[in-house]
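Have a look at this one.
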Amino acid sequence: MKKVIVTGGAGFIGSHTVVELVNAGYEPIILDNFSNSDERIIKQLEQLLDQEIEVHNIDCTKEQQLARFFLLEGNIHGIIHFAAHKAVGESVKDPLKYYRNNLISLMNLIKLMKESEVKNLVFSSSCTVYGEPDTTVVTEKSPRKEAASPYGNTKRISEDIIIDSSIAGDLSAAVLRYFNPIGAHPSGLIGELPLGVPNNLVPYLTQVAAGQRECLTIFGDDYDTPDGTCIRDYIHVVDLAKAHVNALQWLEKNPGACDTFNIGTGNGHSVLELVNSFEKVNDISLNRTIGEKRPGDVSAIYADSEKAEQILNWQAELSMADALKDAWTWQTYLKNNW
Ligand code: UFG
């Protein structure tokens with residue numbers, strides 16, 4: 001079986017990708033330092049997959065740890081690199097933490113890939129690289145704007161590091177620009193585990209629904225959108241996970257390739273639409289209020305995902321309602337079992 005290293009494999013998107021790799025016949029190996037994930041997720045994964053998963057507690061910024069792993073493991077088919085800090089607000093307060101962690105881990109990996117002749121890299125980038133876009137729908141050709149946060153800047157710089165390394169012949173790469181991942185595995189066994197107060201809409205909302213938080217604040221209702229709230233492209237995490245498998249398969253067929261893909265549904269939904277849909281599919285009434293705009297939020301953005309469809313043969317299959325149902329199943333599981 002082809003061994004695929006999944007850095008950050010215990011995290012939200014990483015853990016779902018491990019499941020899809022196994023489903024597609026790969027052998028995922030998780031590298032994670034559990035700085036923003038919970039070791040119990042590994043047991044959950046093993047239960048879901050009914051098999052053991054190889055896991056190494058490794059910090060990708062520590063080159064020697066990583067080098068030892070590469071040496072001992074051998075025969076690595078590819079790397080899917082998720083391990084990174086991702087809190088936008090924290091990155092503004094502590095930019096060095098973000099630049100150090102997100103960039104050094106990537107550079108260490110690329111150096112070791114080159115030395116060990118591992119060619120295939122799938123990288124998790126973000127629609128944040130488009131900044132405040134000129135058009136609501138963005139294609140991969142839309143300009144990357146100045147990053148609104150150090151976090152966003154690490155994604156932009158990472159993309160450049162990968163492109164330059166591929167030009168130098170060091171690797172083949174698929175850079176995936178995620179839109180807004182939400183939901184959880186339909187089994188209810190894995191999902192998002194935010195530390196402390198969630199920053200993102202869906203984990204905050206599910207905690208309000210579960211009675212862990214009092215009220216959801218909708219950040220602004222006077223944006224220039226049909227209902228005044230921001231518009232995003234919410235993608236089910238299982239669809240997103242599958243895109244990584246397709247990207248890997250594309251790299252296998254196209255040695256030396258390096259390209260960037262939007263991974264979204266191609267549909268925009270407002271915050272109000274999402275909240276109303278959550279209430280409807282789960283038959284729950286949410287305590288909510290309208291608050292101030294959150295600084296740095298763009299009013300509306302969603303993906304043109306045509307390129308991923310054409311080249312990666314990938315398309316989102318699940319709806320926002322599916323994701324909101326699965327997110328609630330996971331939250332309920334957490335409440336009863338965690
Ligand atoms: N929102 C609320 N209330 C909340 C949380 C969020 O109304 O309690 C709104 C936001 O204002 C925004 C929408 O819900 O309109 C989505 O917000 P999220 O925080 O869930 O997601 P973002 O679109 O802000 O974040 C995404 C990615 C990040 C990326 C960022 C760049 O998840 O990785 O876009 O803008 F950095």
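Side chains are part of it too, since the values below use all heavy atoms of this structure and drop only hydrogens, waters and symmetry mates. Whatever order the structure lists ligands and atoms in, that order sets their numbers, starting from 1.
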Identity and separation of the nearest protein heavy atom to atom 24 (O) of ligand 1: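 Answer, as residue, atom name and distance: Arg294 NH2, 2.8 Å.
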What do you think, any protein heavy atom under 4.0 angstrom from atom 34 (O) of ligand 1?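 No, no protein heavy atom sits under 4.0 Å from atom 34 (O) of ligand 1.
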Under 4.0 Å between heavy atoms, the region of Tyr178 that gets near ligand 1 turns out to be neither
Give a yes or no on whether a salt bridge exists between Glu279 and Arg288, defined as a side-chain N under 4.0 angstrom from a carboxylate O.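 Yes, Glu279 and Arg288 are salt-bridged.
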Using a 4.0 Å cutoff against the non-hydrogen atoms of Val88, which atoms of ligand 1 qualify?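 Going through ligand 1 atom by atom, the ones under 4.0 Å from Val88 are 36 (F).
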Closest heavy-atom contact between Leu216 and Val208?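 So the two residues come closest at N-CG2, 3.8 Å.
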Are Arg213 and Tyr204 packed together at the side-chain level, in the sense that at least one heavy-atom pair is separated by less than 4.5 angstrom?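 Yes - at least one pair of side-chain heavy atoms lies under 4.5 Å apart.
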I need the atoms of ligand 1 closer than 4.0 Å to a non-hydrogen atom of Asn199, numbered in the order shown. 5 (C), 19 (O)
Examine the proximity of ligand 1 to Tyr234 and report which part, side chain or backbone, both or neither, has a heavy atom under 4.0 Å away.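 Tyr234 to ligand 1: side-chain contact only, backbone stays beyond 4.0 Å.
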Ring centroid separation His244 to Phe82 under 6.0 Å: yes
Which residue and heavy atom of the protein sit nearest atom 3 (N) of ligand 1, plus the separation: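 Checking every protein heavy atom, the shortest distance to atom 3 (N) of ligand 1 gives Thr217 O, 2.8 Å.
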Closer than 4.0 angstrom, basic N to acidic O: yes or no for Arg144 and Asp160?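 Counted as a salt bridge, because a side-chain N and a carboxylate O are separated by less than 4.0 Å.
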Can you report which non-hydrogen protein atom sits closest to atom 31 (C) of ligand 1, along with the distance?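 Result for atom 31 (C) of ligand 1: Thr128 OG1, 3.3 Å.
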Under a 4.0 angstrom heavy-atom cut-off, which atoms of ligand 1 come close to Val271?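 Listed by number with element: 7 (O), 9 (C), 13 (C), 14 (O), 15 (O).
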Region of Leu205 that comes within reach of ligand 1 [heavy atoms, distance under 4.0 Å]: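 Contact part for Leu205 vs ligand 1: neither.
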Would you indicate whether the side-chain heavy atoms of Ile80 and Ile5 approach each other to under 4.5 Å? no
Using a strict 4.0 Å cut-off to heavy atoms of Ile218, name the atoms of ligand 1 that fall inside it.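 The atoms of ligand 1 under 4.0 Å from a heavy atom of Ile218 are 7 (O).
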So, are Glu73 and Lys3 salt-bridged, with charged N and O less than 4.0 Å apart? yes
Strictly distance-based, threshold 3.5 Å: is any side-chain N or O of Ser91 a donor or acceptor partner for the main-chain N or O of Val88? yes
Closest protein heavy atom (residue, atom, distance) for atom 4 (C) of ligand 1: Phe219 CE1, 3.2 Å
Starting from atom 18 (P) of ligand 1, which protein heavy atom do you reach first, and at what distance in Å?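 Protein heavy atom with the smallest distance to atom 18 (P) of ligand 1: Asn200 ND2, 3.4 Å.
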Ranked by distance from atom 21 (O) of ligand 1, the top protein heavy atom is Asn180 ND2, 3.1 Å
Do Asp32 and Val55 have side chains that approach each other closer than 4.5 Å (heavy atoms only, starting at C-beta)?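 Not touching, per the 4.5 Å side-chain cut-off.
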Any salt bridge linking Asp170 with Lys111? Criterion: basic side-chain nitrogen under 4.0 Å from a carboxylate oxygen. no
Atom 11 (O) of ligand 1: the protein heavy-atom neighbour that sits closest, reported with distance to 0.1 Å: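 Its nearest protein heavy-atom neighbour is Asp297 OD2, 2.6 Å.
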Please check if the side chain of Ser105 supplies one atom and the backbone of Cys60 the other of a donor-acceptor pair under 3.5 Å.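 No, the answer is negative, given that no donor and acceptor are paired below the 3.5 Å cut-off.
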With a cutoff of 4.0 Å, is Arg232 in contact with ligand 1, counting heavy atoms of the residue only? yes
Does the protein put a heavy atom under 4.0 Å from atom 16 (C) of ligand 1? yes
If we only count heavy atoms from C-beta on, is the Phe261 to Glu306 side-chain gap below 4.5 Å? no
Please identify which atoms of ligand 1 are closer than 4.0 Å to at least one heavy atom of Cys230. 15 (O)
Quick test: of every protein heavy atom, which one is nearest to atom 36 (F) of ligand 1, and how far off is it to 0.1 Å? Tyr151 CE2, 2.9 Å
